[in-house]
There are 2 protein chains.
Amino acid sequence: MEPHHPDRSEIELSAVLHALSDPHRLEIVRRLDQDSEPRACGTFGFDLSKSTMTHHFRTLREAGVIRQEREGTTKLTSLRREDLDARFPGLLDAVLSSEPVAV
Amino acid sequence: MEPHHPDRSEIELSAVLHALSDPHRLEIVRRLDQDSEPRACGTFGFDLSKSTMTHHFRTLREAGVIRQEREGTTKLTSLRREDLDARFPGLLDAVLSSEPVAV
DNA sequence: CCATAAGTTCGATGGATGTCGTACAATCAA
DNA sequence: TTGATTGTACGACATCCATCGAACTTATGG
């Protein structure tokens, strides 16, 4: 079964803020924004287990921050920038324009 | 002893996002922004116990979102808008411009 | 068909979090 | 001084959360 993505109108501010309040997840979003190309989950090189990464990606997806699509054996992840900009104008830019933190 | 307020440069994005990710705390910040006048802690009328309110105000204060100053028997709370705007430009406006949610 | 690679699922675990009630401290008014 | 008002401190408790390892699924490539 395909994973669930909330509709744009269903994206909740508190869920987005909570998703972005974890340093690992914020760094994921930061890199997705820089690349502007869908990216495989395993290409982030964090010192975390696979199951923990799955947990973080699920948190971001269920909050409506990212989109995940299966592509063969991998899973491409992309930022839902248009949806986020439409729903919370300026939020993503404000968050991403702050200085990165080491993770 | 006076409660601790982080210096502007010490305010961390993850702490701010976490503080704002709770609906009650977000509503507190929303009202502080509308009033633009320092406000007593007890004037928010939430259906929460006093100790829970203390907890939320402490979370906001330690994240650097609000300032608390004793004034007689009450405690005036104000938004640290200048500090937040300087440290994370546009963040507070983006958060506050989204539609309020019932609490 | 088999092995490998990429993620998910499923407990488990230690720590944080939101909530409460009761007791306490500080200030002001009578 | 006594009482009322405001808020804090301290446990307690149920839940959530970030993390892990091990077992599983799904697709790809010999």
Side-chain angles (χ1 to χ4, degrees), chain A residues 1-5 12-29 31-32 35 37-63 65-78 101-103, chain B residues 1-5 12-29 31-32 37-78 101-103:
Chain A
M1 56 204 115
E2 281 304 300
H4 176 251
H5 292 78
E12 286 183 25
L13 179 58
S14 57
V16 173
L17 294 177
H18 172 252
L20 298 179
S21 71
D22 180 275
H24 286 123
R25 291 194 291 259
L26 180 57
E27 179 62 22
I28 290 172
V29 171
R31 296 193 195 174
L32 289 174
D35 292 14
E37 276 295 318
R39 181 165 178 165
C41 292
T43 65
F44 287 86
F46 292 154
D47 196 14
L48 294 175
S49 71
K50 288 196 299 178
S51 45
T52 299
M53 289 303 279
T54 296
H55 161 69
H56 285 315
F57 281 106
R58 183 177 51 227
T59 301
L60 288 167
R61 171 172 46 77
E62 291 179 347
V65 177
I66 64 171
R67 194 178 295 102
Q68 290 181 296
E69 312 169 77
R70 149 157 261 111
E71 180 78 20
T73 160
T74 190
K75 205 161 196 174
L76 293 183
T77 304
S78 52
V101 177
V103 185
Chain B
M1 54 204 114
E2 281 303 302
H4 175 250
H5 292 77
E12 285 183 26
L13 179 58
S14 57
V16 172
L17 294 177
H18 171 252
L20 298 178
S21 71
D22 180 275
H24 286 122
R25 290 194 292 257
L26 180 56
E27 179 62 22
I28 290 172
V29 171
R31 296 193 196 174
L32 288 175
E37 275 296 318
R39 182 166 177 164
C41 291
T43 66
F44 287 85
F46 291 154
D47 196 14
L48 293 176
S49 70
K50 287 194 300 176
S51 42
T52 299
M53 289 301 280
T54 297
H55 162 69
H56 286 315
F57 281 106
R58 184 176 49 229
T59 301
L60 288 167
R61 172 172 45 77
E62 292 179 347
V65 177
I66 64 172
R67 192 177 296 103
Q68 290 181 295
E69 310 170 77
R70 151 155 259 111
E71 179 78 20
T73 163
T74 190
K75 204 161 197 174
L76 293 183
T77 303
S78 53
V101 177
V103 185

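Letters A, B, ... mirror the listed sequences (proteins, then strands); counts begin at 1.
Across the interface with DNA chain D, nearest-nucleotide mapping of A:T73 and B:T73 shows B:T73 to be the residue nearer the 5′ end.
Taken from OG in B:S49 to NE2 in B:H55, the straight-line distance is 10.5 Å, to the nearest 0.5 Å. Between the CG atom in A:D22 and the OG atom in B:S14 there is a gap of 8.5 Å [rounded to 0.5 Å]. Remark: A:T59 OG1 to A:H18 NE2 distance equals 7.0 Å, nearest 0.5 Å. Rounded to the nearest 0.5 Å, atoms CD1 (B:I28) and CZ (B:F46) are 5.0 Å apart.
Between the CG atom of A:D22 and the P atom of C:dT17 there is a distance of 12 Å, given to the nearest Å. Taking atom CD of residue B:E69 and atom P of nucleotide D:dG7, one finds them 14 Å apart after rounding to whole Å. Atom CZ of B:R70 and atom P of C:dA25 are 14 Å apart (whole Å). Atom pair A:E71:CD and D:dA27:C1' shows a separation of 12 Å (rounding to whole Å applied). One can place CD of B:Q68 at 9 Å from P of D:dG7, the figure rounded to the nearest angstrom. If you take CG of B:L76 and P of C:dT27, they are 14 Å apart, rounded to a whole angstrom. Here D:dT19 presents its P atom at 10 Å from CZ of A:F46, a figure rounded to the nearest Å. Rounded to whole angstrom, the span from the CG atom of A:L48 across to the C1' atom of C:dA6 amounts to 16 Å.
Pairing analysis of DNA chain D (Watson-Crick: purine N1 to pyrimidine N3 plus N6-O4 or O6-N4; G-U wobble: N1-O2 and O6-N3; both under 3.5 Å) yields stems of 3 or more pairs at C:1-30 with D:1-30.
Side-chain atoms of A:R70 come within 3.5 Å of backbone N or O of A:G72 as a donor-acceptor pair.
Of the residues in residues 52-63 of chain B, those placing a heavy atom less than 4.0 Å from an atom of DNA chain C are B:T52, B:H55, B:H56, in numerical order.
When the side-chain nitrogen and oxygen atoms of B:T74 are compared with OP1 and OP2 of D:dG7, one or more of them lie within a distance under 4.0 Å. Put simply, A:H24 has a side-chain N or O that comes within less than 4.0 Å of OP1 or OP2 on D:dT19. OP1 or OP2 of C:dG18 has at least one side-chain nitrogen or oxygen of B:R25 nearer than 4.0 Å. For A:S49, a side-chain nitrogen or oxygen approaches OP1 or OP2 of D:dC20 to under 4.0 Å.
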Acceptor/donor pairs from residues 60-69 of chain B side chains to any protein atom, 3.5 angstrom cut, sequence neighbours excluded:
residue, atom, partner, partner atom, Å
B:R61, NE, B:Q68, OE1, 2.7
B:R61, NH1, B:H4, O, 3.0

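Counting all heavy atoms, side chain and backbone alike, A:R39 lies closest to A:D35 at NH1-OD2, 2.7 Å.
Contact check for A:P38 versus A:E71: no side-chain heavy atoms found under the 4.5 Å cut-off.
For the side-chain contact (heavy atoms from CB on, under 4.5 Å) with A:H24, the lone residue among A:T52, A:D47, A:L48 that qualifies is A:L48.
Base engagement by A:K50 is indicated by at least one non-hydrogen atom pair under 4.0 Å involving a base atom.
Of the candidate nucleotides D:dT8, C:dT27, D:dA18, D:dA18 has the atom lying nearest to any side-chain atom of A:H18.
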Begin with the C-alpha distance, continue with both residues' side-chain angles, and end with the deciding distance and a verdict on side-chain contact (heavy atoms from CB on, under 4.5 Å) for B:E27 and B:F44. CA-CA 9 Å; B:E27 179 62 22; B:F44 287 85; over 6 Å; no
